[in-house]
Amino acid sequence: MCGIVGYVGPREAAPILLQGLARLEYRGYDSAGLAVLNGHGLETRKLAGRVAALGDALAREPLAGACGIAHTRWATHGAPTARNAHPHGDCAGTLALVHNGIIENADVLRAYLARAGHQLVTDTDTETLVHLIEDAPGDTLEERVRAALQHVVGTYGLAVLSAGEPGKIVAARRGSPVLLGVGDGEQFVASDASAVVAHTRSVVYLEDGDIAVLTRDGYRVLDEQARERQPQVDAVDWDVGDLELGGFAHFMPLRGRLLQEEGDVRLGGLNLPADQCGRVRRIVILACGTSWHAGLVGRHLIEELAGIPVEVEYASEYRYRRAVQPPGTLAVAISQSGETADTLEALRTARAAGSRVLGIVNVVGSTIAREADGGIYLHAGPEIGVASTKAFTSQLVALTLLGLYLGRRRGLDAAAGRALVEQLDALPDLVAQALTAEEEVDELAARFAHAPNALYLGRGVNYPVALEGALKLKEISYVHAEGYPAAEMKHGPIALIDENMPVVFVAPRDPVFSKVVSNMQEVKARGGRLIAVTTQGNDDLRGLVDHELRVPVTAPLLTPVLTVIPLQLLAYHIAARRGCDVDRPRNLAKSVTVE
Ligand code: AGP
């Protein structure tokens, strides 16, 4: 969850580290710190609060040195205070360490270290690591890090500096992502590429069990058995401009994947030949949060297009359940970040049970992308805001492509395929049109910004959109919101409805529209305030609902890509009007790498 960045080279480290931290702040932002090695040994600055505050502190008291590590934290053990912020140091003040992950046996290690005379001064699990390294045997920092990690149970992505070995950073990975940025006469280490892409696009992803040694002249990667290995150097194919606020959201590059004439799609990385598609008897989708909502839409898409039964599981539940997995089960892990711990473990569980696993992932080279047997990259560009938005719409499109791919290899005829391809091709323009409703949505936000609760209802393929609309509102505006299947409302939530309750219906013109209208009547009869997201040209809701937001017409199965947009905008404008930090909502992190 936290962000790590390190630098060794000829330049001053502190400004590079600060810039890297700012890029990583979406991963965690309750405290920040950095340590730099220079002629005086190790110097550390850390504080509770944002990276900008750390920048101010460094402007007042600069830190010189050309080798350093830095961290932005999302607290797991211990409150977000300056004392608990990383880097952590050892008793002698010669080591500094930053860590992402959880040391599960921290209590045992803490007791052991206290008995051995160590002074532990924070409430964190991480601090135990640096004291273990202090005592560990070995001639070099990397040997001591390896020896210390033998005693650790849990997950880590870490970087360490030692005053005794200036100009060297040691990094290690188990369960939390770490990559090296390979520069010309300078090297970087980071928890994700956004921290280094301003300086280099050549990256090396560490594998679990790897330990890396970085100096300004190069790097070495040692595997679990301490054997040097020659890792692949990957190229980051996106730009630093994609990380800036001005960088416009990409829409998934549909063209190139759509085969108009064949009514089919080209999915290069899927690794699922036609004969294997025919053998799939069941699909289990594994995901969390917004990605799980995308999975619920995916169930409709795949069942309808390919006729394969689909189950959608919370990854966190699936991994601890003895899920029955009959032969022919294909597992599909959906994750924007590709690093969500629960989804990754669920993927491993499904594989261990004999399933082939696919990944639908945005972050190229992320752990889920690398562990899956095949998959679809979203290519949505880096998503920096904690609340997933463009990743969600791109996930829906990727799931449509998967459904169409499977369907065409299992009997869906070319004409049906061509009709869907045509609609997919038109989608980017329709999304652009849907986004023009911004002003109207803001007016609505002004009316409802201070409502303490909201109910979101939808049916069929748009029921998950109701869930997602409610999640977006909760996440970024801290307004309590529930998403429900519209018809289920009368089995309980209807008791909540009075004249103060905004009820948002996701009601495009589709096969269940008339059913949704009946549910609207039920709300109206109890005085609820109705807001409907419906289709342009549909006048059937006049006089029934209080407010309408309209989206362009598309195929019913594709409507979620459009209906979710006004809901994302509504959550955004309500949050902005309530003065919330929209990009970095409290308590959340973009990439949830702890279970
Ligand atoms: C989305 O707005 C949320 N912040 C969250 O639910 C997120 O979708 C979830 O943590 C899963 O993340 P992933 O897609 O990166 O696996």
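Both ligands and their constituent atoms are indexed starting at 1 by order of listing. Computation of the quantities below employed the complete heavy-atom set of this structure, encompassing side-chain atoms and omitting hydrogens, waters and symmetry-equivalent molecules. It should be emphasised that the depicted structure is a prediction, and the values quoted were computed from it without experimental measurement.
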Taking the side chain as everything from C-beta on, heavy atoms only, tell me whether Tyr456 gets closer than 4.5 Å to Leu467.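 They are not in side-chain contact.
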Does Thr400 reach the side chain of Leu557, with side-chain heavy atoms less than 4.5 Å apart? no
Could you find the nearest protein heavy atom to [atom] and give me its residue, atom name and distance?
atom: atom 9 (C) of ligand 1; result: Cys288 O, 3.7 Å
atom: atom 4 (N) of ligand 1; result: Glu475 OE2, 2.7 Å
atom: atom 10 (O) of ligand 1; result: Val592 CG2, 3.9 Å
atom: atom 15 (O) of ligand 1; result: Ser337 OG, 2.7 Å

Establish, yes or no, whether a centroid distance under 6.0 Å links the rings of Phe392 and His293.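 No, ring centres 6.0 Å or more apart.
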Validation row, ring centre Phe448 to ring centre His547 under 6.0 Å: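 Yes, the ring centres sit under 6.0 Å apart.
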For [X], atoms of ligand 1 separated by under 4.0 Å from a heavy atom:
X: Ser291; value: 8 (O), 13 (P), 14 (O)
X: Ser388; value: 1 (C), 2 (O)
X: Ser335; value: 13 (P), 14 (O), 15 (O), 16 (O)
X: Ala387; value: 2 (O)

Within the side chain of His99, is there an N or O that forms a donor-acceptor pair under 3.5 Å with the backbone of Thr155?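 Side chain of His99 to backbone of Thr155, a donor-acceptor pair under 3.5 Å: yes, one is there.
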Going by the closest heavy atom to atom 8 (O) of ligand 1, which one wins out of Leu286, Thr340, Thr290?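 It is Thr290 whose heavy atom sits nearest to atom 8 (O) of ligand 1.
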Taking it one step at a time, do Thr340 and Asp342 satisfy side-chain hydrogen bond (donor to acceptor under 3.5 Å, both in side chains)? CA-CA 6 Å; Thr340 301; Asp342 286 319; over 6 Å; no
Heavy-atom distances under 4.0 Å decide this one: backbone, side chain, both or neither, for Glu339 against ligand 1? neither
Taking the basic N atoms (NZ, or NE/NH1/NH2) and the acidic carboxylate oxygens, is any pair closer than 4.0 Å for Glu317 and Arg319?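 No, this pair does not count.
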